[in-house]
Amino acid sequence: MYMASFVAQFDSLRYKLGATITNVYSMIGTPLLYPARLVMIDNLTNADLLITTNSNLDQMVIPASTGRVIDVTSNTFNTNMSGIFTFPIGTAFYVKWIAGVPTNGKSVYISVIYGSEQQ
């Protein structure tokens, strides 16, 4: 759904404790409540992780102790894609380890920025 917006807002932080990450996909936090324009993934664990929005498909590798930013709208301002090209409401993020269980007691985090009409 198209959403005109004027300001960026942070959604609630999503995270999963490293000790609860297994070799089977499990959800990180809750599904999106707003269309996400920017997603930041921080893997503070000591294990390489796979992240996906489809628990039947490997989509991204996030190496141990690294992060990634996925900016899906940076080049869409004032174009016919403005406000349309987003991760849609209801998108869920899933995680599993590739090899080696996280052992350092840290977590993986998903930070989301969405567009809002509220100032």
(message) Which label fits Y34 and Y114: parallel for a plane angle under 30°, tilted from 30 to 60°, or perpendicular past 60°?
(response)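 Y34 vs Y114 ring planes: parallel.
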As an exercise, state the distance from [atom1] of [X] to [atom2] of [Y], rounded to the nearest 0.5 Å.
X: F93; Y: R14; atom1: CZ; atom2: CZ; result: 7.5 Å
X: I110; Y: S12; atom1: CD1; atom2: OG; result: 13.5 Å
X: S65; Y: D48; atom1: OG; atom2: CG; result: 9.0 Å
X: I70; Y: T53; atom1: CD1; atom2: OG1; result: 9.0 Å
X: M60; Y: I41; atom1: CE; atom2: CD1; result: 4.0 Å
X: I28; Y: T20; atom1: CD1; atom2: OG1; result: 9.5 Å

Side-chain ([X]) to main-chain ([Y]) donor-acceptor, under 3.5 angstrom:
X: T45; Y: A47; value: yes
X: Q9; Y: I113; value: no
X: N43; Y: I62; value: yes
X: R37; Y: P35; value: no

(message) Hydrophobic clusters here meaning ILVMFWY residues chained together by side-chain heavy-atom distances under 4.5 Å, can you tell me if Y94 and W97 are in one?
(response)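 No, no single cluster joins them.
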(request) Consider only side-chain heavy atoms of I, L, V, M, F, W and Y, link residues closer than 4.5 Å, and tell whether I21 and L44 are in one cluster. (result)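 No, I21 and L44 fall in different hydrophobic clusters.
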(request) Just do the side chain to side chain contact (heavy atoms under 4.5 Å, CB included) check on I89 and L32 with the steps written out, would you? (result) CA-CA 5 Å; I89 293 171; L32 296 177; 5.5 Å; no
For [X] versus [Y], what's the shortest heavy-atom pair and its separation?
X: S107; Y: L17; result: OG-CD2, 3.2 Å
X: N23; Y: K96; result: O-CD, 3.5 Å
X: V69; Y: M40; result: CG2-CG, 3.8 Å
X: F87; Y: V72; result: CE1-CG1, 3.9 Å

(request) Decide, yes or no, whether a salt bridge links D42 with R68 under the criterion of side-chain N to carboxylate O below 4.0 Å. (result)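 The answer is no: the pair does not qualify as a salt bridge.
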(request) For the residue pair N56 and Y25, establish whether any side-chain heavy-atom pair is separated by less than 4.5 Å. (result)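 No; the side chains remain at least 4.5 Å from each other.
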(message) Are the side chains of F10 and L38 in contact, using a 4.5 Å heavy-atom criterion?
(response)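 No, too far: nothing below the 4.5 Å cut-off.
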(message) Quick one about T103 and N46 (side-chain donor to acceptor, distance below 3.5 Å, no hydrogens or angles considered), yes or no?
(response)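 The criterion, which ignores hydrogens and geometry beyond distance, is satisfied for T103 and N46.
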(message) Less than 3.5 Å apart, any donor N or O on the side chain of N54 or T52 sitting next to an acceptor on the other?
(response)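 The answer is no; no qualifying pair exists.
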(message) The test is side chain to side chain contact (heavy atoms under 4.5 Å, CB included); show your working for I98 and V61 and say whether it passes.
(response) CA-CA 9 Å; I98 297 171; V61 173; 3.9 Å; yes
(message) Are more than 12 heavy atoms, taken from residues, nucleotides or ligands other than K16, located less than 6.0 Å from that residue's NZ atom?
(response)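 More than 12 within 6.0 Å, yes.
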(request) Run the numbers on S111 and L13 for side chain to side chain contact (heavy atoms under 4.5 Å, CB included), then give the verdict. (result) CA-CA 5 Å; S111 302; L13 182 66; 3.4 Å; yes
